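Fair warning: this is a prediction, and the values are worked out from it, not measured in the lab. Each chain gets a letter, A, B and so on, in the order the sequences are listed, and its residues count up from 1.
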Amino acid sequence: MINKAIAQLFYDMADMFEFLGVEWKPQAYRRGAQNILGLGKDLGAIYEEEGIRGLKAIPGIGEAMASKIEEYITTGKLKTYQKLRKKLPKGVVELMDVPGLGAKKAAILHKKLKVGTVAQLRKAIKQHKVAKLEGFGPKSEANILKGLDIFKRKGERVLMATVRPLADSMVARLQKVKGVTRVDLAGSMRRWRPTVKDIDILCISDSSKVIEAFCGMSNVKEVIAQGKTKASVFVEEGVEVDLRVVPKESYGAALNYFTGSKEHNISLRKIAIQKGLKLNEYGLFSKTRAVAGKTEKELYRKLGLPYIEPELREGHGELTTHQPKLVTLQDVKADLQMHTTFSDGNYSVADMAKAAKPLKYIAITDHYGRIPIANPVNKRRFAKYSKAIDEANKKLRGIMVLKGLEVDIDKEGNVECEPSILKQLDYCLAAVHRAFTMDKKAMTKRLCNAMDNEYVTALAHPTGKVVLERDPIVFDTKKVFAHAAKTQTALEINAHPSRTDLGASMIQEAIAHKVKLTMGTDSHSTEHLRYLEYGVRNARRGWAEKKHILNCLSLRQFMKAKK
DNA sequence: GCCGTTTTCGGCCCGACTGTTTTCAGTCG
Ligand SMILES: Nc1nc2c(ncn2[C@H]2C[C@H](O)[C@@H](COP(=O)(O)OP(=O)(O)OP(=O)(O)O)O2)c(=O)[nH]1
Ligand SMILES: [Mg+2]
Ligand SMILES: [Mg+2]
Ligand SMILES: [Zn+2]
């Protein structure tokens with residue numbers, strides 16, 4: 001999709017406008033970018049079908065941005081962006097990425113000291129030139145250095161799954177503090193974003209004692225800010241943790257505020273204004289009288305809205321689109337991707353099956369083919385593999401093991417496995433494991449060819465991305481999703497946190513194309529089976545319902561419904 | 001730059017914490 005590229009250009013333009021002190025355009029461009037990301041439909045397709053008018057129908061996109069989108073679609077360039085960029089090279093705007101430096105201060109540094117990069121900023125501080133500037137002082141220098149050396153750069157993110165245990169333990173520690181009656185994870189963690197910038201924790205307490213306890217925790221390396229109602233710390237684990245403390249009667253409003261997203265919050269606050277009310281983290285107010293605040297449900301109701309699930313609160317149309325009943329973990333009856341000692345897994349077929357209960361069925365999908373690193377099953381070892389699954393099924397009670405494989409797709413889209421083997425499978429995953437960079441057209445053809453194979457049940461981790469590490473492969477989503485629907489090939493929601501593939505927006509797009517989805521944890525050990533919850537949360541973020549995911553079916557129905 | 005059944009002009013979410021500002025701007029959530 002071209003959407004991401006255009007949204008990024010708009011975000012960059014917003015930063016540059018902000019740096020230049022231009023009013024309102026930053027907000028406007030960010031809103032436009034945000035809404036483009038939440039579209040679930042390709043801008044190119046919209047332009048093709050409905051032209052400029054279609055583009056202007058997108059909220060936050062008017063004359064100016066629509067014609068910029070048109071320019072980018074037709075020429076692949078954006079003149080306004082290039083002009084701005086010429087004036088403000090990346091290094092200059094990146095000054096705003098230093099914690100504590102915003103547009104105003106960055107602009108002063110650039111203007112008065114000719115600082116154009118982070119390295120030059122460091123040098124200026126060493127010469128104590130910064131402290132002499134108006135609006136700066138000795139503490140500013142120290143804080144900027146801290147920001148550079150200790151804290152993360154703005155926008156730097158970590159995998160949510162890696163910090164979740166830390167977050168849970170900090171919640172548990174806060175629950176033990178005297179006077180604290182409730183603690184919740186909030187922010188992007190409560191929304192189950194695959195990556196997070198920080199850990200946000202909300203608690204109820206009438207005293208600010210909890211703030212002292214929080215800032216004094218053993219893993220706190222640096223206290224960034226500490227006040228009466230909130231504090232921010234940087235912990236040894238290398239992440240920022242924000243705590244917000246409110247009284248009981250504000251808890252619903254505060255949980256809503258701190259869960260976000262920012263865009264969702266702003267939309268709710270605008271609705272409040274329209275109703276002559278005011279919404280903040282303490283409650284919903286008519287003049288000074290609280291109309292709601294204790295619970296989130298009450299808050300949404302008083303705003304005339306249904307309760308919105310946290311996973312949907314991204315400012316992606318959740319207030320104007322009917323919210324379906326989203327899939328839940330209990331709906332999922334099976335885990336459809338995992339590995340055993342037959343390839344690169346650490347446990348036997350029976351071990352994985354027993355650990356996967358109370359699921360009703362699983363697919364063992366060991367690697368097949370030639371990648372030596374994954375110790376793949378091959379033609380010679382397949383009989384033994386097949387027999388092991390049959391034997392396990394004879395002994396197992398309450399869970400059924402499907403015979404699967406994860407086979408490679410070659411550059412042309414051929415599935416690298418003999419039909420004589422494929423036809424013995426209950427469930428065949430095909431995946432791109434090499435040659436990730438290809439021409440878009442060729443990649444699209446490659447995936448469509450693979451789906452033409454009558455034995456391929458689903459494409460595993462369809463985009464091949466590794467979160468924060470490897471970019472997705474590039475293909476024409478419209479063509480691939482249409483072909484998946486046509487050939488009845490399912491697309492996988494790989495639940496492993498570092499895959500999260502398909503991701504939320506593509507899940508939404510796939511559903512719009514009537515594509516069937518499957519879900520698998522890609523477990524290589526029994527420990528990984530719990531990642532199924534991440535898969536479900538990701539599916540919910542993609543607005544998926546039970547009916548969209550094949551492994552919500554009973555085994556019998558699943559066998560009938562799959563390709 | 002975008003938007004509107006009370007507006008085509010005048011708004012655009014609202015509050016906490018920090019530092020050098022002697023009364024509040026900047027940054028952030
Ligand atoms: N009303 C309002 N709320 C905000 C604003 N910025 C942040 N919040 C709220 C919503 C956020 O979800 C919550 C936590 O802020 P964070 O900066 O930690 O963002 P969030 O956790 O959503 O994402 P992250 O993964 O941390 O980048 O605070 C804002 O400008 N206005
Ligand atoms: Mg956060
Ligand atoms: Mg935060
Ligand atoms: Zn794979």
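No hydrogens or angles considered: a donor-acceptor pair under 3.5 Å links the side chains of A:Asp522 and A:Asn494.
Among the heavy atoms of the strands lying under 4.0 Å from A:Asn280 are primed sugar atoms or P, OP1, OP2 only; no base atom is included. When heavy atoms are screened at a 4.0 angstrom cut-off, A:Leu268 is found touching no nucleic acid atom at all.
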Look for any protein N or O under 3.5 Å of an N or O in nucleotides 5-10 of chain B and output each such pair with its distance, or none.
none

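Closest approach to the A:Lys139 side chain among B:dG1, B:dA16, B:dT20 is made by B:dT20 (side chain taken as heavy atoms from C-beta onward).
Dashed line: the shortest gap from a side-chain N or O of A:Ser140 to OP1 or OP2 of B:dT20 is under 4.0 Å. Using a 4.0 Å cut-off, some side-chain N or O of A:Asn143 falls inside it from OP1 or OP2 of B:dG19. Of the side-chain N and O atoms in A:Lys56, none sit less than 4.0 angstrom from OP1 or OP2 of B:dC2.
Figure legend: cation-pi geometry between A:Lys25 and A:Phe17, with NZ or CZ positioned under 6.0 Å from the six-membered ring centre and within 45° of its axis. Geometrically, A:Lys105 engages A:Phe136 in a cation-pi contact defined by less than 6.0 Å to the ring centre and at most 45° from the axis.
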Under 3.5 Å, which donor-acceptor pairs link side chains of residues 36-59 of chain A to any protein atom two or more places apart or in another chain?
unit_1, atom_1, unit_2, atom_2, d
A:Lys41, NZ, A:Glu49, OE1, 3.1
A:Asp42, OD1, A:Ile2, N, 3.1
A:Asp42, OD2, A:Gly44, N, 3.1
A:Asp42, OD2, A:Ala45, N, 3.3
A:Tyr47, OH, A:Glu70, OE2, 2.6
A:Glu49, OE2, A:Lys478, NZ, 3.4
A:Lys56, NZ, A:Glu63, OE1, 2.8

Return all side-chain donor-acceptor pairs below 3.5 angstrom for residues 4-11 of chain A, not counting sequence neighbours, or 'none' if the list is empty.
unit_1, atom_1, unit_2, atom_2, d
A:Gln8, NE2, A:Asp12, OD1, 3.2

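Ranked by how close their nearest DNA chain B nucleotide is to the 5' end, A:Arg31 and A:Glu134 are led by A:Arg31. Nearest-nucleotide assignment on DNA chain B puts the 5′-proximal partner with A:Lys25, out of A:Thr229 and A:Lys25.
For residues 133-146 of chain A, the side-chain hydrogen bond (donor to acceptor under 3.5 Å, both in side chains) pairs, not counting sequence neighbours, are A:His128-A:Glu141, A:Lys146-A:Glu222. Note on residues 76-124 of chain A: pairs passing ring-ring contact (aromatic ring centres under 6.0 Å, His included), not counting sequence neighbours, are A:Phe19-A:His110. Pairs passing the salt bridge (charged side-chain N to carboxylate O under 4.0 Å, His left out) check and including a residue from residues 239-264 of chain A, sequence neighbours excluded, read A:Arg244-A:Glu281. For residues 190-203 of chain A, the pairs satisfying side-chain hydrogen bond (donor to acceptor under 3.5 Å, both in side chains) are A:Arg157-A:Thr195, A:Arg190-A:Thr259, A:Arg190-A:Glu296, A:Arg191-A:Glu314, with sequence neighbours left out.
A distance-only check finds no donor-acceptor pair linking the side chain of A:His316 to the backbone of A:Leu312 [under 3.5 Å].
Remark: A:Lys465 does not engage A:Asp471 in a salt bridge, criterion side-chain N to carboxylate O under 4.0 Å. Electrostatic pairing of A:Lys294 and A:Glu298 does not count as a salt bridge here, judged by no charged N lying under 4.0 Å from a carboxylate O. A salt bridge does not link A:Lys325 to A:Asp331: none of the charged nitrogens lies less than 4.0 Å from a carboxylate oxygen. Between A:Glu94 and A:Lys154 no salt bridge is recorded (no basic side-chain N to carboxylate O distance below 4.0 Å).
For the pair A:Ile58 CD1 and B:dC3 P, the interatomic distance rounds to 10 Å; values are reported in whole Å. Atom OH in A:Tyr282 sits roughly 9 Å away from atom P in B:dG15 (whole-Å rounding). Going from atom CZ of A:Phe17 over to atom P of B:dC2 covers 10 Å, rounded to whole Å.
Results of the side-chain hydrogen bond (donor to acceptor under 3.5 Å, both in side chains) test with A:Tyr251 over A:Asp184, A:Asn256, A:Thr295 single out A:Asp184 as the only residue that passes.
The stretch residues 162-174 of chain A has no heavy atom under 4.0 Å from DNA chain B, so no residue of it qualifies as close. Of the residues in residues 72-91 of chain A, not one places a heavy atom less than 4.0 Å from an atom of DNA chain B. Against DNA chain B, the stretch residues 290-320 of chain A makes no heavy-atom approach under 4.0 Å.
In terms of the salt bridge (Lys or Arg N to Asp or Glu O under 4.0 Å) criterion, A:Glu237 has no residue partners (sequence neighbours excluded).
Using Watson-Crick or G-U wobble geometry with both donor-acceptor distances under 3.5 Å, B:dG11 finds its partner in B:dC2.
Residues A:Asp206 and A:Thr181 are not in side-chain contact: their nearest non-hydrogen atoms beyond the backbone lie 4.5 Å or more apart.
Per the stacking criterion (ring centres < 5.5 Å, plane angle < 30°), A:Trp24 stacks onto the base of B:dC12.
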Exercise for the section: Can you check each nucleotide of nucleotides 23-29 of chain B against protein heavy atoms at under 4.0 Å and return B for base, S for sugar-phosphate only, - for none, in 5' to 3' order? Expected result: ---SSSB
